[in-house]
Amino acid sequence: MAFTLDQIAVALGARLEGDGSLRIARAAEPAEAGADALALAMKPAYAEGLAQGAAQAAILWDGADWRALGLRAALFVPRPRYAMAGLTRLMDPGPEIAPGIHPSAVIDPSAEIGEGAAIGPLVVIGPRAVIGPRARIAPHGFIAEDARIGADALIQAGVRIGARVQIGDRVILQPGAVIGADGFSFVTPEKSAVENVRQSLGDAGAAEAQGWTRIHSLGAVTIGDDVEIGANACIDRGTIRDTVVGSGSKLDNLVHVGHNVQIGRDCLFCGQVGIAGSVRIGDRVVLAGQVGVNDNIFIGDDVIAGGATKIFTNAPKGRVLLGYPAMRMETHVESYKALRRLPRLFAQVAELQKAVSKRSASD
Amino acid sequence: MAFTLDQIAVALGARLEGDGSLRIARAAEPAEAGADALALAMKPAYAEGLAQGAAQAAILWDGADWRALGLRAALFVPRPRYAMAGLTRLMDPGPEIAPGIHPSAVIDPSAEIGEGAAIGPLVVIGPRAVIGPRARIAPHGFIAEDARIGADALIQAGVRIGARVQIGDRVILQPGAVIGADGFSFVTPEKSAVENVRQSLGDAGAAEAQGWTRIHSLGAVTIGDDVEIGANACIDRGTIRDTVVGSGSKLDNLVHVGHNVQIGRDCLFCGQVGIAGSVRIGDRVVLAGQVGVNDNIFIGDDVIAGGATKIFTNAPKGRVLLGYPAMRMETHVESYKALRRLPRLFAQVAELQKAVSKRSASD
Amino acid sequence: MAFTLDQIAVALGARLEGDGSLRIARAAEPAEAGADALALAMKPAYAEGLAQGAAQAAILWDGADWRALGLRAALFVPRPRYAMAGLTRLMDPGPEIAPGIHPSAVIDPSAEIGEGAAIGPLVVIGPRAVIGPRARIAPHGFIAEDARIGADALIQAGVRIGARVQIGDRVILQPGAVIGADGFSFVTPEKSAVENVRQSLGDAGAAEAQGWTRIHSLGAVTIGDDVEIGANACIDRGTIRDTVVGSGSKLDNLVHVGHNVQIGRDCLFCGQVGIAGSVRIGDRVVLAGQVGVNDNIFIGDDVIAGGATKIFTNAPKGRVLLGYPAMRMETHVESYKALRRLPRLFAQVAELQKAVSKRSASD
């Protein structure tokens, strides 16, 4: 794939200066850019890199003098990070999955395959599954009975989609994602030690030794449109109703979403986030990597949690959280500064005690 | 599948009032229940939902007046959560895997497939593997050489079972689980910086730059009966003897169990728990989501650890833990209350210092 | 496989005493060793085990009297843990993957398969992929277009390798590993609440509700020689340049490495470690289980981080870290001792306040 700089300018809504007929085959960091690459030099710090590389064109920072930098053309964009979205979309060749159904795929005769879909080698599609038009399924994918995949979905290699799962349009599932495993839900015949601890915050009581009986998952998973799910991430089925991921939400690699969880729209959950069962999460919630959310709680719209925050209780709309256990971010920053100075505080208090008791003695 | 309410009452050991001949096709939340659904309304809070839905029958809270709620019949159970186990088991259709061996499966001629087993499309079974009677293996499963799967096991899609692994009866493995990857065990020719740090708690010493040499895993994994392992969870082989998961234990999605770990019976490990190598864990241990356990330690029977607890040292029988590092749950709750008030404490001590030193000056 | 004790002594560089012609079929813990096993009894504590088992030969601790222990021969090694590497390598039969290409594999005609490679059942190899000599690929592996696998690599079952990924020689990929999923990189048209929080450490500002636009990953992943990647671990592609894992580095199960990350040589990342995007990591860095590393930071050579450390800021060369947030290990140990004593400190300060104010009143 190659584009003229003119085409790229139009695609990005960028301002072009210089020779728009230059042909661009790839994007590159300034120092590694060849003559056919568009160098990404959105900050003055990249000027040196441009001199090391061989780029003839670049996306530059506001006010840069492209001629002085030895370039034949330059693009200027109002929000560089946003321009990256347009540029990389334009240049992404996407996975090679031949159109039609690969002869090695195993497709149940009752499944419906949409027009223009591409089904790769060794894919398995179960009874009555419905694959939307132009959906692409990479090798070793498995779509179980009665599942439904939307239009233009991209299901990468080795994804497992369970029975009766519903997936929206333009969804992207990265390799190894599991949508619709059974929920992790067990119960003891009598009240268990865990139930006692939850009530007493610490006392396991005198619960008898008991085995676990399984609560089966009768619900499935419903995933909206424009959702992305990361590699080897897992979203469990609901017990009675479906587990839900709202449209526009993005979940990263190795994220775990328990049974019955309801996730709103346009959320962003980074790598290894874990959401326990029956949590309700609003819209536009952002959870950084390794955040954990306790079961059965509520996270309001627009909540943001920093890296590895462990959320044990409800978080109201707009709250910004950090820490284990989660606190308001400002509180956490203050508390942890204090924690580091704690040994000194102990010394000071010991000093004070001495001073005060000496005085008492001398009174 | 449909059942009469009479049948359901018998299966659950529930008390039936009203018309036991009603036909029930599914379970549902009260507000979403159609006329063929059994509404789950185990608390008075669900009364409103019943009015919104169209259920004719429900499981109700003790003392509820089903006629007044507009129902034609009701079930009453002593422990509602436990009743869910029976009800969902009854109504779970299970995965559709046709009996017999799918023609696309690749089965070594020396493997033994038990009577009534169901082997799905594109499954691979290696030399001398033994599959128990009525075991079901979903698409893309891989059972390596000399592995042994018990009777009535359910191996979901894309599970990988390594060589010589032993799996008990009625075990359920969720999609993508890996049983029997190699242990993560490396050694340097000379003492390493990590060994120095472990001894000194902080000083890496003057260890030389060295590469890592692999310790291979000669052991396998032994999994008891009635165990469940979650989606994309990983259980590593042992170095010399097997890694062991005792009967009745349940491990959730993305759980990691290192080499040589010994897990007792009836344990419950929630999502993303990580157990480092050579840990010994007793019976009925419950670890909430994202708990971590340091290598080479011992966790006694009936230990319970709250969400994301990080356990660095041995935990005696019955201990209830929380926090990073793990403390008794009561201690953790107190300490963290104190942590939030720390900035105020600093201010108070500064105040005291001023008061005491002023007095000293005025003495 | 069986070896004479002489052969084992040579392979380990061990000192042999007694009958070197003994045939050894396996290694075993002392108490479980049969007559054909080499007992591993590197500490005096194992003497009792030797008496319980039936071993005729053992690796013993320095100065042990093998005749008195009832053995016919013994090996002595200077560094027992290092000897385990040689011994287990010798005795590991490795996975059974028949040489050549299994007839059920789906190999694009344009792919190049090196001499002596072993391609297992139902493997898929895409266009123009290159598989090195003697590489072994277990069942259900997928190597996408233009990927390149080095000589003597071992790709275990169900591994997914994305387009254009480069893998070095002698690399081992455990089952289910995903190398080259797309990076998790999204941007909003206008400045987002997350960007505000990062600048202000807590204030989300008045950001508008916005959807996420995807930044595609044009880079791939480059993995050096002698690397090992754990089961179901995930390494994402870079945005423009490749994500890199340096030679000799070992990553455990369920590790997550974000886009653009650069990892040096001979690093060791234990189970469930998570590295956010664009992190740079030096050589010989050791991260214990569940460690998290914030995006866009730098971790110097020889840094060591204890279990579940959460690293938010740059870590200089040689730093030893622990805690959430990461502190020097000594500071953490002190601070947490203090944290446990905090409730007592609060009481002491209250006491002091009373004493001082009483005195003020009585002045």
Side-chain angles (χ1 to χ4, degrees), chain A residues 26-29 32 40 79 81-82 84-85 88-89 91-92 95-96 104 121-122 139-140 156-158 174-176 228 230-232 248 250 252-254 266 268 270-272 283-284 286 289-290 302 304 307-308 318 320 324 328-330 333 336 339-340 342-343 345-346 349 352-353 356 360, chain C residues 106 122 124 126-127 140 142 144-145 158 160 163 176 178 181-182 184 186-187 189 193-194 197 201-204 209-218 232 234 236 239-241 254 256 258 272 274 276 292 294 310 312 324-325 327 331 334-335 338-339 341-342 345 348-349 352 355-356 359:
Chain A
R26 60 183 52 81
E29 308 220 338
E32 283 134 36
L40 305 175
R79 183 161 155 77
R81 198 169 149 71
Y82 192 65
M84 284 296 287
T88 57
R89 184 163 51 123
M91 298 210 153
D92 184 357
E96 279 190 37
S104 67
L122 304 175
H140 300 126
Q156 291 283 21
Q174 296 292 340
E228 181 155 351
N232 286 342
K250 318 290 185 186
D252 197 0
N253 297 344
L254 296 167
D266 293 325
L268 208 67
C270 299
Q272 298 175 324
D283 297 334
R284 296 174 304 281
V286 177
Q290 299 186 335
D302 299 299
I304 298 177
V320 180
Y324 174 174
R328 286 167 186 265
M329 193 174 279
E330 311 90 82
V333 169
Y336 274 78
L339 183 59
R340 275 168 216 247
L342 252 193
L345 186 68
F346 273 90
V349 170
L352 277 167
Q353 285 179 315
V356 169
S360 294
Chain C
V106 178
L122 303 176
V124 175
H140 300 127
F142 171 48
E145 60 270 16
R160 321 286 165 197
V178 175
D182 291 331
F184 191 72
F186 298 91
V187 60
V194 174
V197 164
L201 284 181
D203 182 3
Q210 305 176 81
W212 300 102
T213 303
R214 189 171 204 265
I215 295 180
H216 289 243
S217 298
L218 304 181
N232 286 341
C234 301
D236 280 358
T239 306
I240 299 297
R241 63 177 196 279
L254 296 168
H256 162 70
Q272 298 175 325
N294 206 7
K310 308 302 178 189
F312 286 87
Y324 175 175
M327 311 175 195
T331 312
E334 266 189 58
S335 295
L339 183 59
R341 293 186 325 221
L342 252 194
L345 186 69
Q348 290 170 342
V349 170
L352 276 167
V356 170
R359 196 182 319 274

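Quick note: numbers below take in every heavy atom, side chains included, and nothing from hydrogens, waters or symmetry partners. If you're wondering where the values come from, they're calculated on a predicted model, not measured in any experiment. Chain letters run A, B, ... following the sequence lines, proteins first and then strands; every chain starts at 1.
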Side chain, backbone, both or neither: which part of [X] has an atom under 4.5 Å from a heavy atom of chain A?
| X | value |
| --- | --- |
| C:L122 | both |
| C:R214 | both |
| C:N232 | both |
| C:V106 | side chain |
| C:V356 | side chain |
| C:L218 | side chain |

- Going by an N to O cut-off under 4.0 Å, is there a salt bridge joining C:R241 and A:E32? no
- Task: Begin from the C-alpha positions of A:D266 and C:F186 and carry the test side-chain contact (heavy atoms from CB on, under 4.5 Å) through to its verdict.
- Result: CA-CA 11 Å; A:D266 293 325; C:F186 298 91; over 6 Å; no
- For A:Q174 and C:D182, test the side chains for any donor-to-acceptor distance below 3.5 angstrom and give the result as yes or no. yes
- Which one, C:G274, C:G258, C:S217, leads in non-hydrogen pairs under 4.5 Å with chain A? C:G274
- Which of the residues C:P127, C:G292, C:P189 is involved in the greatest number of heavy-atom pairs with chain A at under 4.5 angstrom? C:P189
- Query: Are C:F184 and A:N253 close enough that some pair of their side-chain heavy atoms sits under 4.5 Å apart?
  - Reply: no
- Message: Under a 3.5 Å distance rule, please check whether A:E29 uses its side chain to pair with a backbone N or O of C:I240 as donor and acceptor.
- Response: no
- Message: C:A144: which residues meet the side-chain contact (heavy atoms from CB on, under 4.5 Å) condition with it, sequence neighbours left out?
- Response: C:F142, C:A163
